[in-house]
Structure formats: structure tokens, C-alpha cells
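Remember, it's a predicted structure, so these values are computed and weren't measured experimentally. Sequence lines set the chain letters: A, B, ... in the order given, protein chains first and strands last, and positions in each chain run from 1. Only heavy atoms go into these numbers, but all of them, side chains included; no hydrogens, no water, no symmetry mates.
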There are 2 protein chains.
Amino acid sequence: MCDGYDPAKCTTVSEMLARLGDKWTVLVIMMLDDGPQRFSDLKRMVVGVSQRMLTLTLRALERDGIVERTVYPTVPPRVEYALTDLGRSFSVPVKALGGWVFANHDNIQTARVRFDNRLPDSSAKIGKAA
Amino acid sequence: MCDGYDPAKCTTVSEMLARLGDKWTVLVIMMLDDGPQRFSDLKRMVVGVSQRMLTLTLRALERDGIVERTVYPTVPPRVEYALTDLGRSFSVPVKALGGWVFANHDNIQTARVRFDNRLPDSSAKIGKAA
DNA sequence: CAGTATCCCGGACGATACTG
DNA sequence: CAGTATCGTCCGGGATACTG
């Protein structure tokens with residue numbers, strides 16, 4: 001993908017992929033795709049996330065311009081998170097990827113079972129000698 | 001994405017995202033997208049990858065049915081890796097995601113600079129009190 | 001050539017406690 | 001309510017050495 005392309009852009013691609021690959025980012029984006037949410041609501045919706053990791057995940061997404069943080073000066077404080085235009089745009093290819101996995105779930109599972117069950121010797125396709 | 005969906009499929013989505021997010025997987029897929037490659041050639045093309053990590057990355061992709069491993073019974077051994085049909089199919093949404101980051105590279109960078117340069121107090125949008 | 005085995009380190013992440 | 005601070009654990013991944 002990055003042959004002959006701007007190395008800086010390739011770095012950004014890696015960074016965004018690493019972000020998507022972490023434990024909570026995609027879940028948070030999916031929750032916000034349905035509309036803005038408060039911090040505590042997100043914490044409840046994204047089952048299993050710690051306060052710390054939710055904060056870190058949201059900060060990183062905010063830094064990249066994917067989510068916007070809005071503070072309402074009430075007491076107790078109320079903070080809402082929402083996808084930005086960039087974030088909604090980003091969610092399109094992300095959901096496409098998720099859709100592909102859904103569509104090919106059975107293919108992947110079948111491949112895994114085959115791989116895990118095959119004997120140590122029959123472990124590879126044999127090519128014709130050069 | 002996973003509301004009301006099969007939890008097993010959601011798990012698979014997370015697993016595939018985690019794989020894409022690791023350090024070498026996407027690079028390997030991109031290299032193989034241009035055609036089959038030998039182990040040693042991949043090692044040279046994917047700059048910086050260790051022998052160990054290239055092996056682990058390829059094994060994981062093979063297990064998921066994304067790449068196929070072919071051994072030529074010569075001496076010294078010759079092993080070729082190629083994308084399967086499933087792998088070529090997978091590379092489509094992956095490249096779409098990469099394309100999005102390329103297209104929005106400047107937006108992301110601008111957002112980061114804004115975030116990193118703003119003062120600690122002006123750090124958030126202020127909403128109207130509920 | 002194409003691996004596997006072993007050791008080791010740094011960072012991701014969870015748990016917990018504290019605060020405006 | 002929405003954080004920040006601190007500590008401890010686990011494991012991803014690099015370096016190196018060995019092998020069919």
C-alpha cells in the first residue's frame with residue numbers, strides 16, 4: 001500500500017490501524033455512531049472497560065479529531081462525547097471491515113479448525129520441485 | 001456494530017482487528033497482494049521485521065485462511081507464501097481503510113496539532129448548561 | 001533457507017485510591 | 001460525575017543462538 005507513497009502517510013496508517021486494533025476503540029466508535037453519549041453511559045455500554053482505559057481511548061480519539069468532547073458546566077459535571085464529521089467518515093470503512101468479517105465469519109472459522117486439526121506432518125501444501 | 005448480532009461473530013471481528021493492529025500483519029498482506037513471495041524475500045521487503053515475528057505473523061494469517069504456505073521439497077528448502085481467495089477478498093476493505101487514512105491524513109495531522117497546542121484551560125468545548 | 005527455542009525488556013492494561 | 005495518580009501484571013515483540 002505504501003510503495004512509492006509518502007512515508008509520513010504510511011506512518012499515520014500504521015498508527016490508525018494500531019488504534020483500531022486496541023481493545024476498546026472500535027467499541028467506543030460503534031457506541032458513538034448511534035449518537036452522543038455521556039462518559040458514564042459509555043462506561044456502562046462498553047462492558048468491561050475500566051475508567052482509565054475509557055479515558056485514554058476517548059483522549060486518543062479526540063486528539064485525532066474523531067470524537068469531540070463537550071463539557072456542560074453543571075455540578076456534578078456532565079461531559080458528552082460525539083463523533084465529529086471526520087469520525088463519522090472514518091466509521092464508514094471501519095464498518096465495512098467489520099461487515100467483511102461478519103460475512104466471512106464461517107470461512108475464517110472453518111480455516112481455523114482445519115489448521116488446528118491437521119497433523120504435524122501434513123502441515124503444508126507441497127509444491128512441485130522447482 | 002454488534003448490537004443484536006451473534007456474539008461469536010463480534011469476537012471474530014475483535015480478533016481480526018487486533019491482528020490488523022499488530023505491527024506487521026498489514027505490511028505482510030500488502031507485500032503478498034503483489035503476488036506470492038518466499039520467506040526470505042518477505043523478510044527483506046518488510047523492513048525491520050524479525051525472523052520470529054515474520055513466522056508468527058504468517059502462521060496466524062495461515063490459520064485464518066488468509067495466506068497459503070507452499071513448501072518446495074528442495075534443498076535448501078524453499079517456501080512460498082501467497083494470499084488465498086479469502087485473503088485477496090480481505091485485502092479489499094483493508095486497503096479501503098488505508099485509503100481513507102491517506103485521503104484524510106491532513107485532517108488527522110491538523111487535529112493532532114490543535115490538540116497538542118491548546119492551553120490546558122481552553123481544553124474543551126463548553127456546552128450550554130443543561 | 002526457513003524455521004524453532006530461549007531470554008529479556010518495555011509498554012499496554014487492569015485495579016485501586018484519591019479529587020474538583 | 002468525570003476524571004487523575006499510582007502500582008503491579010502480563011505479554012508482544014526484539015535479540016540471539018541453534019537445527020533439519
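Taking atom CG of residue A:L42 and atom P of nucleotide D:dG3, one finds them 10 Å apart after rounding to whole Å. Between the C1' atom of C:dC13 and the NZ atom of A:K43 lies a distance of 14 Å, rounded to the nearest Å. The distance between atom CD of B:E80 and atom P of C:dA2, rounded to the nearest whole Å, is 9 Å. Between the CG atom of A:L56 and the C1' atom of D:dT4 there is a distance of 10 Å, rounded to whole Å. The CG atom of B:L54 sits 10 Å away from the P atom of C:dA2 (whole-angstrom rounding). The interatomic distance linking A:R69 (CZ) with D:dC1 (P) rounds to 16 Å, in whole Å. For the pair A:R59 CZ and C:dA12 P, the interatomic distance rounds to 17 Å; values are reported in whole Å. Atom CG in A:L58 sits roughly 15 Å away from atom C1' in D:dT4 (whole-Å rounding).
A sub-4.0 Å separation between OP1 or OP2 of C:dA2 and a side-chain N or O of B:R38 is present. In this model, the phosphate group of D:dA2 is approached by a side-chain N or O of A:S40 to a distance below 4.0 Å at OP1 or OP2.
For B:T110, there are no side chain to side chain contact (heavy atoms under 4.5 Å, CB included) partners two or more places apart in sequence or in a different chain. Taking the side chain to side chain contact (heavy atoms under 4.5 Å, CB included) definition, one finds that B:V79 meets it with B:R69, B:V71, B:Y81, sequence neighbours left out. Looking at residues two or more places apart in sequence or on another chain, you find a side chain to side chain donor-acceptor pair (under 3.5 Å) between A:T25 and A:D22. Every residue was checked against the side chain to side chain donor-acceptor pair (under 3.5 Å) condition with A:R38, not counting sequence neighbours, and none meets it. For A:R63, the side chain to side chain donor-acceptor pair (under 3.5 Å) criterion is met by B:D116, not counting sequence neighbours. Not counting sequence neighbours, the partners of B:W100 by the side chain to side chain donor-acceptor pair (under 3.5 Å) test are A:S89.
A cation-pi contact, defined as under 6.0 Å to the ring centre and within 45° of the axis, links B:R118 to B:F115.
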For DNA chain D, what is the dot-bracket line, given that a base pair needs Watson-Crick (N1 to N3, plus N6-O4 or O6-N4) or G-U wobble (N1-O2 and O6-N3) geometry with both distances under 3.5 Å, and | means paired with another strand? ||||||||||||||||||||

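If you find the closest nucleotide of DNA chain C to A:D22 and to B:Y81, the one lying nearer the 5' end belongs to B:Y81.
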For nucleotides 14-20 of chain C, give me one character per nucleotide, 5' to 3': B if any protein heavy atom sits under 4.0 Å from the base, S if the only such contacts are to the sugar-phosphate, - if neither. BB----B

All N/O donor-acceptor pairs, side-chain side in residues 40-48 of chain A, below 3.5 Å, sequence neighbours left out:
unit_1 : atom_1 : unit_2 : atom_2 : d
A:D41  : OD1    : A:R44  : NH1    : 3.2
A:D41  : OD1    : A:R44  : NH2    : 3.0
A:K43  : NZ     : A:V49  : O      : 3.2

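Ion pairing between A:E15 and B:K23 fails under the 4.0 Å rule for side-chain N and carboxylate O.
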